[in-house]
Student: 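Okay, here's the structure, questions in a sec.
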There are 2 protein chains.
Amino acid sequence: MIKVSKQVDYAVQLLRALSKLKEGEFLSLRKFSKESTISFLFLQRIARSLKAAKIIDASRGIHGGYYFVLDPKKINMKQIVDAVDGNFGITACLRGQPCEREKTCTNKDIFHKMNIQVEQMFLETSII
Amino acid sequence: MIKVSKQVDYAVQLLRALSKLKEGEFLSLRKFSKESTISFLFLQRIARSLKAAKIIDASRGIHGGYYFVLDPKKINMKQIVDAVDGNFGITACLRGQPCEREKTCTNKDIFHKMNIQVEQMFLETSII
DNA sequence: GTATATCATACTTAGCAAGTATGTTATTCC
DNA sequence: GGAATAACATACTTGCTAAGTATGATATAC
């Protein structure tokens, strides 16, 4: 199984909604949660990760919400994975996690090569 | 998080060990389990999946074991994922699983395109 | 000052990949 | 024939962690 997390999925949906805003407009998570049916609290965590990565920014208060900082077209999928999941890698080993079978493993080379290719593809994929 | 399952990881390790056998030789899972430190029972399930996919075959009895049917060089990563995980897709939706947010989802196109690229790369990656 | 937005941290749940248990059937060798 | 050891088959349990929840603080607009 090779798969993308729901956090990344939801992050992209949110960013695509934000990319449709006009200059000076905000989108609140409460509103987006209703439109998308994605859990409001789960969206909060994702949005803050994206803000920490300086992809979006927020305005507080009654008419506040999130908005894009940079040009949405220049944001790629690798940036989203980095921001939301904190790391990138198709195996635990490539994500820097300890591996109990490190000594006997014969797959380091093949997964390393594949990881480079997946990473490159993510880099080249604009979220818009 | 984009990742490959341990089943696929272990399947590739097993296949690489089998690819080193000479004509007419077998490798038992008991032996490979000791070498690799991978659970014997878990390996059994994986090996039977690979056999069902006609990638390897088995000989029973006291000196039996598994062996490659085809040329190991012609086996690619997509075949392994199909054999071991039963399907291929970077999202639940692309794996044919029902999605509760199908109607509001705005990511079908982007993940579909990415899936094609990942799939292509897996097809082009030989396990050797 | 009230309403509503984000900010921050901690906790719970649930799905399923990963691993385990147990018994059956086939083949080799003595 | 029978012991040993291989794969075959199915069902069950565990444990990780992604996913979702709870609660309260802080900021801004009107």
Side-chain angles (χ1 to χ4, degrees), chain A residues 1-11 13-14 18 24-34 36-53 56-67 69 81 84-87 89-92 95 97-101, chain B residues 1-11 13-14 18 24-34 36-52 56-67 69 81 84-87 90-92 95 97-101:
Chain A
M1 204 75 73
I2 172 142
K3 63 177 169 188
V4 164
S5 72
K6 288 202 178 183
Q7 289 206 85
V8 170
D9 182 0
Y10 298 163
Q13 293 199 42
L14 172 61
L18 293 181
E25 284 182 338
F26 307 131
L27 174 60
S28 81
L29 293 188
R30 199 73 72 174
K31 186 169 177 232
F32 179 69
S33 169
K34 286 200 184 103
S36 64
T37 77
I38 300 167
S39 154
F40 167 71
L41 290 160
F42 197 27
L43 279 171
Q44 276 205 325
R45 253 214 323 242
I46 294 167
R48 267 184 298 114
S49 296
L50 293 169
K51 188 191 164 189
I56 60 177
D57 206 346
S59 166
R60 291 188 178 189
I62 197 163
H63 290 127
Y66 287 92
Y67 58 96
V69 175
V81 175
V84 162
D85 291 333
N87 49 23
I90 61 173
T91 63
R95 268 176 261 122
Q97 292 167 14
C99 174
E100 68 274 26
R101 263 181 281 277
Chain B
M1 205 74 71
I2 171 142
K3 63 176 168 189
V4 164
S5 71
K6 289 201 176 183
Q7 289 207 85
V8 170
D9 182 0
Y10 298 164
Q13 294 200 43
L14 173 61
L18 293 181
E25 284 183 339
F26 307 132
L27 174 60
S28 82
L29 293 188
R30 198 73 72 173
K31 186 167 178 234
F32 179 69
S33 170
K34 286 200 184 103
S36 64
T37 77
I38 300 168
S39 153
F40 167 69
L41 290 160
F42 197 27
L43 279 172
Q44 276 206 325
R45 253 213 322 244
I46 294 168
R48 269 185 293 113
S49 298
L50 293 170
K51 189 192 162 189
I56 59 178
D57 206 346
S59 165
R60 291 189 179 190
I62 198 165
H63 291 129
Y66 286 93
Y67 59 95
V69 175
V81 174
V84 162
D85 290 333
N87 49 23
I90 61 172
T91 63
R95 269 175 259 122
Q97 292 167 16
C99 175
E100 67 274 27
R101 264 181 282 275

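Throughout, a chain's letter reflects where its sequence line sits, starting with A, and its residues are numbered from 1.
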Student: Hey, does the side chain of B/Ser59 reach the backbone of B/Gly65 with a donor-acceptor pair shorter than 3.5 angstrom?
Tutor: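 Not at all, since once roles are kept as given, no pair shorter than 3.5 Å links the two residues.
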Student: Would you mind reading off the distance between A/Lys51 atom NZ and C/dA5 atom P, rounded to a whole angstrom?
Tutor: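 Spelled out: NZ on A/Lys51 to P on C/dA5 is 16 Å.
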Student: With side-chain contact (heavy atoms from CB on, under 4.5 Å) as the test, would you mind laying out the steps for B/Thr91 and A/Lys3 before giving the verdict?
Tutor: CA-CA 6 Å; B/Thr91 63; A/Lys3 63 177 169 188; over 6 Å; no
Student: Please tell me if A/Ser59 has a side-chain N or O lying less than 4.0 Å from either OP1 or OP2 of D/dT28.
Tutor: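 No, A/Ser59 has no side-chain N/O under 4.0 Å of OP1/OP2 on D/dT28.
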Student: Between atom CG in A/Asp57 and atom P in C/dT6, what is the gap in whole Å?
Tutor: 12 Å
Student: For A/Phe42 and C/dA8, what is the distance between atoms CZ and P respectively, to the nearest whole Å?
Tutor: 19 Å
Student: Taking all non-hydrogen atoms of both residues, which atom of B/Leu18 and which atom of B/Leu27 are closest, and how far apart?
Tutor: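 Distance-wise, the nearest heavy atoms are CD2-CB, 3.6 Å.
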Student: Could you tell me how far apart A/Leu43 (CG) and C/dT6 (C1') are, to the nearest whole angstrom?
Tutor: 13 Å
Student: So for B/Arg60 and D/dT5, does any side-chain atom that can act as donor or acceptor lie under 3.5 Å from a complementary atom in the base?
Tutor: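 Side chain to base: no pair below 3.5 Å.
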Student: Indicate whether OP1 or OP2 belonging to D/dA19 is found under 4.0 Å from a side-chain N or O atom of A/Tyr10.
Tutor: no
Student: Please report, rounded to the nearest Å, how far the P atom of D/dC16 is from the NZ atom of A/Lys3.
Tutor: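 Computing the A/Lys3:NZ to D/dC16:P distance gives 17 Å.
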Student: Among the candidates C/dC7, C/dA5, D/dG20, find the nucleotide nearest to the side-chain atoms of A/Ser28.
Tutor: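 When the side chain of A/Ser28 is considered, C/dA5 is the closest of C/dC7, C/dA5, D/dG20.
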Student: Checking contacts here: which listed nucleotide (C/dA18, D/dT5, D/dT28) is nearest the side-chain heavy atoms of B/Ile62?
Tutor: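 Closest nucleotide to the B/Ile62 side chain: D/dT5.
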Student: Nearest-Å distance, CG (A/Asp9) to P (D/dG20)?
Tutor: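 Computing the A/Asp9:CG to D/dG20:P distance gives 10 Å.
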Student: Can you measure B/Ile46 atom CD1 to C/dA17 atom P for me and round it to whole angstrom units?
Tutor: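 Roughly 13 Å, once rounded to whole Å.
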Student: For the residue pair A/Arg45 and A/Tyr10, confirm or rule out a side-chain donor-acceptor distance under 3.5 Å.
Tutor: no
Student: Can you figure out which of C/dC29, C/dG19, D/dA7 approaches the side chain of B/His63 most closely?
Tutor: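 In terms of side-chain proximity for B/His63, the closest of C/dC29, C/dG19, D/dA7 is C/dC29.
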Student: Considering just the side-chain nitrogens and oxygens of A/Tyr67, establish if one lies under 4.0 Å of OP1 or OP2 belonging to C/dT6.
Tutor: no
Student: To the nearest Å, how far apart are B/Arg45 CZ and D/dA7 P?
Tutor: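 Atom-to-atom, B/Arg45 to D/dA7, this comes out as 16 Å.
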Student: From C/dC7, C/dG19, C/dT20, pick the nucleotide closest to the side chain of A/Arg101?
Tutor: C/dG19
Student: Answer with base, sugar-phosphate or nothing: what part of the nucleic acid does A/Phe26 contact at a heavy-atom distance below 4.0 Å?
Tutor: nothing
Student: Stepwise, does the side-chain contact (heavy atoms from CB on, under 4.5 Å) test hold for A/Ile46 with A/Ile38?
Tutor: CA-CA 11 Å; A/Ile46 294 167; A/Ile38 300 167; 5.8 Å; no
Student: Show the nearest heavy-atom pair for residues A/Val84 and A/Ser49, with the distance to one decimal.
Tutor: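 Residues A/Val84 and A/Ser49, closest heavy atoms: CA-CB, 4.3 Å.
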Student: Side chain of B/Leu41, heavy atoms from C-beta onward: which of C/dT20, C/dG19, D/dA22 has the nearest atom to it?
Tutor: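 Minimum distance to the B/Leu41 side chain belongs to C/dT20.
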Student: More 5' along DNA chain D: A/Phe40 or B/Ala58, using each one's nearest nucleotide?
Tutor: B/Ala58
Student: Considering only heavy atoms and no angle criterion, is a donor-acceptor pair shorter than 3.5 Å present between the side chain of A/Arg48 and the base of C/dA8?
Tutor: yes
Student: Please classify the nucleic acid contact of B/Gln44 as base, sugar-phosphate, or nothing, using heavy-atom distances under 4.0 Å.
Tutor: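 The answer is base, as B/Gln44 lies within the cut-off (heavy atoms under 4.0 Å) of a base atom.
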